[in-house]
Participant: 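Have a look at this one.
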Amino acid sequence: MELNLSSEDAAFRDEVRAFIAANYPQEMRVPNPETDLTKEQSLLWHRILYRKGWIAPLWPKEYGGPGWSVTQRFIFEQETSRAGTLPPLAFSVTMVGPVIYTFGNDTQKKKFLPRILSGEDWWCQGYSEPGSGSDLASVRTKAVRDGDHYIVNGHKTWTTLAQHADWIFCLVRTDPTAKPQAGISFLLIDMKSPGVTVRPIITIDGSHEVNDVFLEDVRVPAENLIGEENKGWTYAKFLLGNERTSMAGIGRSTRYLERLKHIVRTEVDQDDPAFGEFIREIARVELDVLALEATELRIVAQMSRGIDPGPAASLFKIRGTEIFQRITDLTHQVIGNYGLAIREHPVSANRFMPGPDHGHTATEKYLNSRKLSIYGGSNEIQRNIIAKAVLGL
C-alpha cells in the first residue's frame, strides 16, 4: 500500500528533505542523541524549526501551528524520522501544548504557548508514581486548596529529563473521597518552586535520562489549574492519545533496519549458518514494518476524510515498540562480543572502546529500548483497550 501524493504534497516532501539536509546541525548527529546531547544542543533543531514555522505540526494555525493537512503532517513526521533528526521535546510540543490550547483559558494560552513554541520553557511529565504507573487512576500526589494556591505533596518517578525542566505538568489528587478517575486534577508546576527536588535515576544503559521528583509543601497558584478541578482524567487521556499515536516509529525502525543489514553483512560470514538465520529474522521484522506502515497509511487516509482513528493509537504503540525492540535485540545479537562494552557517559569520556563504531552504542540502545513497551501506558494496558473498544470483550 502506498500513499499517492498530489503534486503539491510531493513538492512539500521534497522541500522537507532539502530543508533537513541543509539545516540539521552537525553536532546533533551523534549515536544516541536522546542521551548524548546537552540541553542546549538538544534545542538547536527546535529553534531552527521554530524560525521556519514548523515546530508544532499538530497545532492549529491560530496558536502557532503551520496549518498543515493530515497528509502533510504525516509526510513531515516520516521525513524527519527517516533522516534521524531528534524531534522537538514531546512533553512540551506534543503533550502539554495541545492540552493547554484545548482545555486551558486565554490567560494560560498567552502565558505558556509562545514559550513552548520558542523553546524558552522545557517541560516534563508528572504522571507515574511509585506504585502508580500504568494504573494512573491510583495517583496519590495530593493537592489541597489553600486560598489562591494548592499545597502539593507527593512523589513522581521515571520523570524523563526533569533535570533540565522549567515546568512539570502533574496529575494530582484533589478529591480523595471520589472514585479514582473522578478525583484527579491537571496542574502546572514551576520546577523552581520551593519544595521541588529532582533526584537522578541512572538507567541500565548507564545514562541519566529519568528522575524522581519530590514535591514537599509546594505552593502552586490556583491559576495553574487546567480546566476544571477533578476533571484531570479527561485531559490526561487526551494527552496520552497524542503520545501513543507518535509511537509507531516507522521511519526510525526503517533506519535501524538498514543499519542492522549493514552490520550483518559486516560481522557475519555469508558461509556461516548464522548469516541465513539473521537474514530470515530481518525479513520477518521488515514485513512487520511494512504491515504497520500500511496500517498507518490507512489511518492517515481516514483522518484526512475526518474519520476518528479510534483505538489506532494503542495499536501503533504496541506494534511500533515491539518492532523496534526486536530490531535492537537482533542488532545486539549480531555484534557478539563487542556488545559487552558500554560507553561511559558523557560521550566525551576519554576511554578507548574496542571494536567497530557500530558496536559502541548497540548495547545501550538495546537496554534503553526495553522501556518502550512500558511507558506511555504499558502494552498490556493497550491490549485491554483494544479488547474493549474493538472486540467488545
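Keep in mind that this is a model prediction, so the values were computed, not measured. Heavy-atom basis, side chains included; hydrogens, waters and symmetry copies ignored.
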Participant: For a side-chain hydrogen bond (donor to acceptor under 3.5 Å, both in side chains) check, start with the C-alpha distance between T174 and N230, then their side-chain angles and the critical distance, and finish with the verdict.
Facilitator: CA-CA 6 Å; T174 42; N230 299 322; 2.5 Å; yes

Participant: Atom CG in L215, atom NZ in K156: separation rounded to 0.5 Å?
Facilitator: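 If we round to the nearest 0.5 Å, L215:CG and K156:NZ are 8.0 Å apart.
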
Participant: When rounded to the nearest 0.5 angstrom, what is the spacing between NZ in K231 and CD1 in I184?
Facilitator: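 It comes to 13.0 Å.
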
Participant: Could you see if W158 belongs to whatever hydrophobic cluster contains V96? Use Ile, Leu, Val, Met, Phe, Trp, Tyr and a side-chain cutoff under 4.5 Å.
Facilitator: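 No, W158 does not connect to V96 through the hydrophobic network.
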
Participant: Would you give me the side-chain donor-acceptor pairs under 3.5 Å for residues 383-391, sequence neighbours excluded?
Facilitator:
residue : atom : partner : partner atom : Å
R383    : NH2  : E322    : OE2          : 2.6

Participant: Between L292 and I318, is there shared hydrophobic-cluster membership here, with clusters defined by ILVMFWY side-chain heavy atoms closer than 4.5 Å?
Facilitator: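 Different clusters: L292 never reaches I318 through Ile, Leu, Val, Met, Phe, Trp or Tyr contacts under 4.5 Å.
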
Participant: So does G336 get a backbone contact from the side chain of E267, meaning a donor-acceptor N/O pair under 3.5 Å?
Facilitator: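 No; judged by distance alone, with no hydrogens or angles, the pair does not exist.
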
Participant: What do you reckon, is NZ of K142 surrounded by more than 12 foreign heavy atoms closer than 6.0 Å?
Facilitator: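 Not buried by this count: 12 neighbours or fewer within 6.0 Å.
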
Participant: What pair of heavy atoms forms the shortest contact from M191 to V198, and how long is it?
Facilitator: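 What the structure gives for the nearest pair is CE-CG2, 3.5 Å.
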
Participant: Any link between L188 and I168 through a network of hydrophobic side chains (Ile, Leu, Val, Met, Phe, Trp, Tyr) touching at under 4.5 Å?
Facilitator: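 No, because L188 and I168 fall into different hydrophobic clusters, even though each may have its own neighbours under 4.5 Å.
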
Participant: I'd like to know if R319 pairs up with E293 as an ion pair, taking the criterion as any Lys NZ or Arg NE/NH1/NH2 lying under 4.0 Å from an Asp or Glu carboxylate oxygen.
Facilitator: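 Here R319 does not pair with E293 in a salt bridge, since their nearest N and O are not under 4.0 Å apart.
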
Participant: May I ask you to test the R219-D146 pair for a side-chain heavy-atom distance under 4.5 Å?
Facilitator: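 The answer is yes, as the side chains (C-beta and beyond) meet within the 4.5 Å cut-off.
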
Participant: Are R73 and P57 close enough that some pair of their side-chain heavy atoms sits under 4.5 Å apart?
Facilitator: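 Heavy-atom side-chain distance check passes, below 4.5 Å.
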
Participant: Do you know the tightest heavy-atom contact between L225 and Q108?
Facilitator: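 Taking every non-hydrogen atom into account, O-NE2, 2.8 Å.
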
Participant: Say you draw a straight line from OG of S128 to CG of L171; how long is it, rounded to the nearest 0.5 Å?
Facilitator: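 So the OG of S128 and the CG of L171 are separated by 9.5 Å.
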
Participant: Are any non-hydrogen side-chain atoms of T363 and I335 less than 4.5 angstrom apart?
Facilitator: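 Touching, per the 4.5 Å side-chain cut-off.
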
Participant: Which residue in the set Y101, F103, Y127 passes ring pair (Phe, Tyr, Trp, His ring centres under 6.0 Å) when paired with Y235?
Facilitator: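 The residue from Y101, F103, Y127 that satisfies ring pair (Phe, Tyr, Trp, His ring centres under 6.0 Å) with Y235 turns out to be F103.
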
Participant: For a quick check under 3.5 Å, do T321 and S373 share a side-chain donor-acceptor pair by atom type?
Facilitator: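 The answer is no; no qualifying pair exists.
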
Participant: Report the C-alpha separation of Q181 and K237 in whole Å, then their side-chain angles, then the decisive distance to 0.1 Å, and conclude whether the side-chain contact (heavy atoms from CB on, under 4.5 Å) test is met.
Facilitator: CA-CA 11 Å; Q181 290 89 343; K237 289 191 297 182; over 6 Å; no

Participant: Should we say atom CG of D269 is surrounded by more than 12 heavy atoms from elsewhere, each under 6.0 Å from it?
Facilitator: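 For D269, atom CG is crowded (more than 12 foreign heavy atoms under 6.0 Å).
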
Participant: Quick check for you: to the nearest 0.5 Å, what is the distance between S185 atom OG and E229 atom CD?
Facilitator: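 Reported to 0.5 Å precision, the distance equals 5.0 Å.
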
Participant: Within a 6.0 Å radius of atom NZ on K192, are there more than 12 heavy atoms belonging to other residues, nucleotides or ligands?
Facilitator: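 Atom NZ in K192 is packed in, count exceeds 12.
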
Participant: Locate the shortest heavy-atom distance separating A56 from P66; write the atom from each residue and the value.
Facilitator: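 Nearest pair, atom of A56 first, then P66: O-CD, 3.1 Å.
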
Participant: Walk me through whether W54 and I48 qualify under side-chain contact (heavy atoms from CB on, under 4.5 Å).
Facilitator: CA-CA 9 Å; W54 288 359; I48 291 169; over 6 Å; no

Participant: Going by ring pair (Phe, Tyr, Trp, His ring centres under 6.0 Å), name the residues that satisfy it together with W233, two or more places apart in sequence or in a different chain.
Facilitator: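 W233 satisfies ring pair (Phe, Tyr, Trp, His ring centres under 6.0 Å) with no residue once adjacent residues are dropped.
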
Participant: When you measure from the side chain of R115 to the backbone N and O of L117, does any donor-acceptor pair fall under 3.5 Å?
Facilitator: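 Between the backbone of L117 and the side chain of R115 there is no qualifying donor-acceptor contact (under 3.5 Å).
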
Participant: I226, V152: one ILVMFWY side-chain cluster at the under-4.5 Å cut-off?
Facilitator: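 No, I226 and V152 fall in different hydrophobic clusters.
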
Participant: Do P130 and H155 have side-chain heavy atoms sitting under 4.5 Å apart?
Facilitator: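 Yes. Closest side-chain heavy atoms under 4.5 Å.
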
Participant: Can we say D212 and R199 salt-bridge, meaning some charged N sits less than 4.0 Å from an Asp/Glu carboxylate O?
Facilitator: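 Answer for the salt bridge query: no.
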
Participant: I need the minimum non-hydrogen distance between S253 and I323, along with the two atoms involved.
Facilitator: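 Where S253 meets I323 most closely, the heavy atoms are OG-CG2, 3.9 Å.
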
Participant: Membership question, hydrophobic clusters at under 4.5 Å side-chain separation (ILVMFWY): are I250 and I282 in the same one?
Facilitator: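 Both belong to a single hydrophobic cluster.
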
Participant: How would you list, by chain and number, every residue that makes a side-chain contact (heavy atoms from CB on, under 4.5 Å) with H164, sequence neighbours excluded?
Facilitator: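 Result, side-chain contact (heavy atoms from CB on, under 4.5 Å) vs H164: K39, W122, L161.
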
Participant: Measure the shortest side-chain to side-chain distance between K365 and F324 over non-hydrogen atoms and say whether it is less than 4.5 angstrom.
Facilitator: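 Side chain of K365 against side chain of F324, heavy atoms only: contact under 4.5 Å found.
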
Participant: Please evaluate residues T80 and F19 with respect to the criterion side-chain contact (heavy atoms from CB on, under 4.5 Å), reporting the C-alpha separation (whole Å), side-chain torsions for both, the decisive distance (0.1 Å), and the verdict.
Facilitator: CA-CA 10 Å; T80 52; F19 185 79; over 6 Å; no

Participant: Minimum heavy-atom separation for L260 and L330, please, with both atom names.
Facilitator: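 Scanning both residues completely, I find the closest heavy atoms to be CD2-CB, 3.8 Å.
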
Participant: State, yes or no, whether a side-chain contact exists between V30 and E27 at a heavy-atom distance under 4.5 Å.
Facilitator: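 The answer is no, as the side chains (C-beta and beyond) never meet within the 4.5 Å cut-off.
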
Participant: I'd like to know if the side chain of S92 and the backbone of W123 have a donor-acceptor N/O pair within less than 3.5 Å.
Facilitator: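 Side chain of S92 to backbone of W123: a pair is present.
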
Participant: Partners of E258 by side chain to side chain donor-acceptor pair (under 3.5 Å), sequence neighbours excluded?
Facilitator: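 Scan of E258 (side chain to side chain donor-acceptor pair (under 3.5 Å), adjacent residues dropped) gives K261.
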
Participant: Around atom CZ of R140, are there more than 12 heavy atoms of other residues, nucleotides or ligands at under 6.0 Å?
Facilitator: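 Incorrect, the count does not exceed 12.
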
Participant: Not counting sequence neighbours, list each pair that qualifies as a ring-ring contact (aromatic ring centres under 6.0 Å, His included) and has a residue in residues 181-203.
Facilitator: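 As it turns out, the ring-ring contact (aromatic ring centres under 6.0 Å, His included) pairs with a partner in residues 181-203, which skip direct neighbours, are F169-F186.
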
Participant: Under 6.0 Å between ring centres, would you say that holds for W68 and F76?
Facilitator: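 W68 vs F76: aromatic centres under 6.0 Å.
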
Participant: Distance check, rounded to the nearest 0.5 Å: L89 atom CG versus D121 atom CG?
Facilitator: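 Rounded to the nearest 0.5 Å, the CG-CG separation comes out at 11.0 Å.
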
Participant: Any side-chain hydrogen bond (donor to acceptor under 3.5 Å, both in side chains) pairs touching residues 10-25, not counting sequence neighbours?
Facilitator: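 Every pair satisfying side-chain hydrogen bond (donor to acceptor under 3.5 Å, both in side chains) with a residue in residues 10-25: R17-E79.
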
Participant: Taking all non-hydrogen atoms of both residues, which atom of L86 and which atom of W45 are closest, and how far apart?
Facilitator: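 Closest pair (atom of L86, atom of W45, distance): O-CD1, 3.2 Å.
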
Participant: Please round to the nearest 0.5 Å and tell me the distance separating atom NE2 of H46 and atom OG1 of T85.
Facilitator: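 That separation rounds to 13.0 Å.
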
Participant: When you compare the side chain of N224 with that of I189, does any pair of heavy atoms fall below 4.5 Å?
Facilitator: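 In short, these two side chains do not touch, never coming nearer than 4.5 Å.
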
Participant: Using side-chain hydrogen bond (donor to acceptor under 3.5 Å, both in side chains), reason through E223 and T107 one step at a time and then give a plain yes or no.
Facilitator: CA-CA 9 Å; E223 64 192 30; T107 300; over 6 Å; no

Participant: Quiz question: by atom type and distance under 3.5 Å, do the side chains of T328 and R370 form a donor-acceptor pair?
Facilitator: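 Yes, R370 and T328 have a side-chain donor paired with an acceptor closer than 3.5 Å.
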
Participant: Step through the shown structure and confirm whether more than 12 heavy atoms of other residues, nucleotides or ligands are within 6.0 Å of CD on E120.
Facilitator: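 Above 12, so yes.
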
Participant: Keeping S369 on the side-chain end and Y366 on the backbone end, is there a donor-acceptor pair under 3.5 Å?
Facilitator: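 Yes; judged by distance alone, with no hydrogens or angles, the pair exists.
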
Participant: Between K371 and E209, is the closest basic N to carboxylate O distance under 4.0 Å?
Facilitator: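 Looking at K371 together with E209, the answer is yes, because their closest N to O distance falls below 4.0 Å.
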
Participant: Can you find a pair of side-chain heavy atoms, one from N368 and one from S207, that are under 4.5 Å apart?
Facilitator: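 The answer is yes, as the side chains (C-beta and beyond) meet within the 4.5 Å cut-off.
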
Participant: Quick one, Q125 with Y375, criterion side-chain hydrogen bond (donor to acceptor under 3.5 Å, both in side chains). Give me CA distance, side-chain angles, the key distance, then yes/no.
Facilitator: CA-CA 12 Å; Q125 180 182 37; Y375 74 40; over 6 Å; no

Participant: In sequence, state the C-alpha distance, the side-chain angles, and the governing distance for D217 and N153, and then conclude on side-chain contact (heavy atoms from CB on, under 4.5 Å).
Facilitator: CA-CA 5 Å; D217 293 329; N153 284 277; 3.0 Å; yes

Participant: More than 12 non-hydrogen atoms from neighbouring residues, nucleotides or ligands closer than 6.0 Å to CZ on R47, yes or no?
Facilitator: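 Yes, CZ of R47 has more than 12 neighbouring heavy atoms, counting only those of other groups under 6.0 Å.
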
